[in-house]
Each structure stands twice: as structure tokens, then as C-alpha cells.
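Throughout, a chain's letter reflects where its sequence line sits, starting with A, and its residues are numbered from 1.
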Protein chains: 2
Amino acid sequence: MKVLTKKTDYAIRALLMLGAKRGSYLSAKAIAVEQQMPYQFLRGLLQEMIRHNLIVSKEGVKGGFMLERDPDEIRVRQLIEIFQGAVQVSECVFRKQICANRSRCVLRHEIMRIEEVVNSEFEQVTIGKLLRKLNAGSNMMSALKKEDKTLQEG
Amino acid sequence: MKVLTKKTDYAIRALLMLGAKRGSYLSAKAIAVEQQMPYQFLRGLLQEMIRHNLIVSKEGVKGGFMLERDPDEIRVRQLIEIFQGAVQVSECVFRKQICANRSRCVLRHEIMRIEEVVNSEFEQVTIGKLLRKLNAGSNMMSALKKEDKTLQEG
DNA sequence: TTTAATTGATATCAATATAGTATCAGTTAG
DNA sequence: CTAACTGATACTATATTGATATCAATTAAA
Ligand code: FES
Ligand code: FES
């Protein structure tokens with residue numbers, strides 16, 4: 001059971017790179033090479049994020065993408081919603097025709113409760129938080145920038 | 001993003017029916033008709049649950065399936081693991097080659113933390129709990145038994 | 001002004017996972 | 001004997017995920 005798909009995974013990593021270089025444009029190619037993601041696939045993700053106003057772009061030579069929004073307001077939950085659709089534990093384990101009063105159904109409540117827990121967990125993880133943890137964690141940042149090529153065997 | 005697939009969904013419902021009729025055998029056909037699930041599909045699920053010692057079966061006329069284990073020990077988490085594979089938030093958002101010391105990686109920790117939360121939520125939901133809620137909740141049980149045919153428009 | 005580096009917008013494809021169907025052999029109560 | 005069952009397995013269909021390809025438009029800079 002995979003909770004984060006490649007799309008979300010790549011999107012997070014791309015946003016972290018953009019977040020680390022705020023103010024200047026970073027090309028899709030640079031991100032793809034750096035993070036070892038398929039170029040065209042990544043481009044699709046970046047365009048999707050533009051549509052959702054997470055990033056902006058500039059065309060042409062020296063163009064690329066830039067993070068404009070506050071990284072603390074970009075939540076993994078939103079990324080999951082964009083790339084995987086909203087979290088839903090299940091439509092309803094006990095079909096409509098079984099339960100007369102859905103609002104009172106304890107099972108539905110149980111399931112919705114878990115759904116909320118999952119959502120709130122992902123809500124609390126933001127690009128900003130991840131960035132700070134990266135910066136605090138010494139080598140991660142340099143690894144992300146690939147300045148230290150010795151870190152090739154994790 | 002669908003957390004419970006049809007397999008898990010059907011399995012839970014089948015187990016609840018079996019749990020409600022402990023001591024006697026219930027045929028796959030009876031469950032399939034009752035819960036409106038595809039017969040052969042359900043049979044596959046039941047066989048899988050036998051392999052995992054959740055239920056037992058008897059062949060031949062008047063045969064069927066029976067719940068032997070304590071319903072309180074059948075956890076939705078285990079069902080998810082059986083039918084969807086263990087919950088994993090992501091392999092590792094930041095590939096091995098990026099992170100020199102995986103055990104210290106804060107990002108990994110963040111992701112594993114969420115994984116644990118999700119798992120523990122599903123761990124807490126057992127067939128037994130669901131059965132009790134069903135019984136407590138009046139109409140749900142009768143709906144499950146389809147004795148009240150008026151509940152057809154939830 | 002030409003060129004190369006870029007994004008915008010799509011179309012297509014491949015791989016995998018999910019959902020569902022079909023078949024036949026073996027078992028057993030009646 | 002037979003009909004109602006499970007065991008085992010092969011198959012098909014559909015949806016989702018992951019990835020690639022193409023071409024037009026834009027732009028910095030040689
Ligand atoms: S059975 Fe669907 S809400 Fe209760
Ligand atoms: S990047 Fe993989 S564990 Fe840190």
C-alpha cells in the first residue's frame with residue numbers, strides 16, 4: 001500500500017529544490033538531473049503546480065520555475081490532493097442501501113475519523129518545515145545540492 | 001487517493017457477516033448475495049483469509065466459511081497488509097544516494113512517523129469493535145441481515 | 001537575426017495494480 | 001447420485017501510475 005506516489009514524491013523534491021533557491025529560476029532540466037527524475041514527467045508536474053499557483057515560471061533561455069508562495073503554506077496534504085486526489089479511507093464500507101441514516105452510522109464515523117487523522121498528519125507537513133529540517137540536518141542540504149559527491153552509498 | 005481497496009472493503013464486510021454468525025458455516029454465495037459482491041472475487045478473498053488463518057472452511061453441501069479467531073484480534077491493519085500490502089508512506093522521498101546516514105535523516109523520520117500513525121489507527125480497528133458498534137447501532141445489524149428491506153435508499 | 005535553451009500544451013505509450021470472470025476438479029449432505 | 005459446496009488456477013478487463021515524444025511559442029544572448 002503506497003501512500004505517496006511518484007508524482008507526489010517528485011513534486012515534494014522539486015519544491016524543496018525550488019525552496020532552496022528562492023528568488024531565482026531553476027529549470028526543469030536542472031531539477032530532473034539533480035534529483036534523477038524523468039524530465040518530461042517532471043515537467044508535467046511542474047505545470048500542474050503552476051495551475052495550482054504553487055510556483056511560477058519564465059519561458060525562454062535562463063527561464064525556469066520559481067517558488068513564490070510561502071513554503072510554510074505548501075502542505076504535503078495539498079500535494080497529495082493535487083497528484084493523488086483527496087484522501088478517502090473508503091467510499092463507505094457498508095453501502096448506502098444498507099445504512100438508512102448515514103449521518104448516524106457509527107462505522108462511517110469510525111472510517112471518517114481515521115481519514116481525518118491521516119489528513120491532519122499530512123496537513124502538518126509543509127515544504128517550509130522540510131526545508132528547515134534539511135538545513136538543520138547538515139549534510140542533507142549539501143547532498144541535495146550534490147556538492148559532496150562522496151555521498152553515493154546511503 | 002483510495003486507502004481501502006475493494007478487496008479490503010469486501011473482506012471486512014465478509015468477516016462481519018461471519019462474525020455475526022459465529023459457530024455455523026456461511027457460504028460464499030450467501031455472503032456475495034447478501035453484500036452484493038462479485039461471487040468469484042469474494043471466493044478468492046475468502047481463500048486468502050483461510051491461508052492467513054483468519055477463517056476456516058468446510059467443503060461440500062452445507063459447507064462454507066466460519067470465523068474461528070477472536071474477532072478482536074482481527075485488525076483492519078492486518079487486512080490491509082494482506083490485501084494491499086503493508087502501509088508505506090513512501091520508500092524514501094530522498095533517495096539513498098542523497099542521504100549518507102539514513103538512520104539520522106530527519107525527513108525519513110518525519111515520513112516514518114506518519115506511517116506509524118496510519119498503522120496504529122488501522123491497528124486499533126478490529127472486526128470485534130466493528131461488530132459491537134453494529135450491534136449497538138440498532139438498524140445496522142438488521143440491515144446487514146437484510147431483514148428490513150425498507151432500508152434501500154441511504 | 002539567428003540560435004539554443006527553455007516552457008506550454010498535448011498526445012501517446014508502457015507498466016502495474018485493481019477488479020472481475022470462468023473453469024474444472026474434489027468434497028460431502030442428503 | 002446429485003446438487004451445493006470449496007480448492008485451485010487461469011484468464012480478461014479496466015484503471016491508475018509512470019514515462020516518453022512532439023511541436024509551437026518565448027527569450028537571452030551570440
Ligand atoms: S452503511 Fe453507509 S454510511 Fe452506514
Ligand atoms: S534521503 Fe533517504 S533516508 Fe534520508
Verify salt bridge (charged side-chain N to carboxylate O under 4.0 Å, His left out) between Glu34(A) and Arg13(A), making sure each step is shown before the conclusion.
-> CA-CA 10 Å; Glu34(A) 199 67 26; Arg13(A) 294 202 278 151; over 6 Å; no
Would Gln35(A) and Tyr10(A) count as a side-chain contact (heavy atoms from CB on, under 4.5 Å) if you check the C-alpha gap in whole Å, the side-chain angles of each, and the deciding distance to 0.1 Å?
-> CA-CA 8 Å; Gln35(A) 299 292 327; Tyr10(A) 292 165; over 6 Å; no
Quick one: do Tyr25(A) and Lys62(A) satisfy side-chain contact (heavy atoms from CB on, under 4.5 Å)? Show the steps, please.
-> CA-CA 7 Å; Tyr25(A) 288 100; Lys62(A) 303 255 171 175; over 6 Å; no
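To the nearest angstrom, C1' of dC5(D) lies 12 Å from CD1 of Ile50(B). The nearest whole Å value for the distance from the CD atom in Gln40(A) to the C1' atom in dC23(D) is 11 Å. Between the CZ atom of Phe41(B) and the P atom of dA13(D) there is a distance of 16 Å, given to the nearest Å. The CZ atom of Arg13(B) sits 12 Å away from the P atom of dA19(C) (whole-angstrom rounding). For the pair Gln35(A) CD and dA19(D) P, the computed distance is 14 Å after rounding to whole Å. Computed from coordinates, the Arg43(A) CZ to dT6(C) C1' distance equals 8 Å when rounded to whole Å. One interatomic measurement links the two molecules: CE of Met37(B) to P of dA19(C), which rounds to 13 Å at whole-angstrom precision. Atom OH in Tyr39(B) sits about 11 Å away from atom C1' in dG7(D), given to the nearest Å.
The Lys62(A) side chain lies nearest to dA29(D) when the options are dG8(C), dA29(D), dA29(C). The side chain of Gln47(B) lies closest to dA8(D), out of dA8(D), dG18(D), dA29(C). Here dG8(C) is the nucleotide among dT27(C), dG20(C), dG8(C) with the atom lying nearest to any side-chain atom of Glu59(A).
Within residues 23-30 of chain B, the residues approaching DNA chain D are Ser27(B), Ala28(B), by heavy-atom distance under 4.0 Å.
Across every non-hydrogen atom of Val117(B) and Val117(A), the tightest pair is CG1-CG1, 3.6 Å.
Backbone-only contact: Phe65(B) has heavy atoms under 4.0 Å from sugar-phosphate atoms and none from a base. Within the nucleic acid shown, Leu46(B) has no heavy atom closer than 4.0 Å to any nucleic acid atom. Gly44(A) comes within contact range of no nucleotide atom at all, as no heavy-atom separation falls under 4.0 Å.
Side-chain N/O atoms of Lys2(A) include one lying less than 4.0 angstrom from OP1 or OP2 on dG18(D). Regarding contacts with the backbone of dA19(D), a side-chain N or O of Tyr10(A) is found under 4.0 angstrom from either OP1 or OP2. Residue Thr5(B) places no side-chain N or O under 4.0 Å from the OP1 or OP2 atom of dA17(C).
Of the residues near DNA chain D, Val61(B) and Gly64(B), the one whose nearest nucleotide (by heavy atom distance) lies more toward the 5' end is Val61(B). Each of Pro38(A) and Gly63(B) lies near DNA chain D, and the nucleotide nearest Gly63(B) is the one positioned closer to the 5' end.
The structure places CG of Asn119(B) at 12.0 Å from CD1 of Ile114(B), a figure rounded to the nearest 0.5 Å. Rounding to the nearest 0.5 angstrom, the gap separating the CD atom in Glu115(A) from the CD atom in Glu121(B) is 12.5 Å.
Under a 3.5 Å cut-off, the side chain of Arg75(B) and the backbone N or O of Glu123(B) do form a donor-acceptor pair. With Glu48(B) contributing its side chain and Ile82(B) its backbone, the two residues share no donor-acceptor pair below 3.5 Å.
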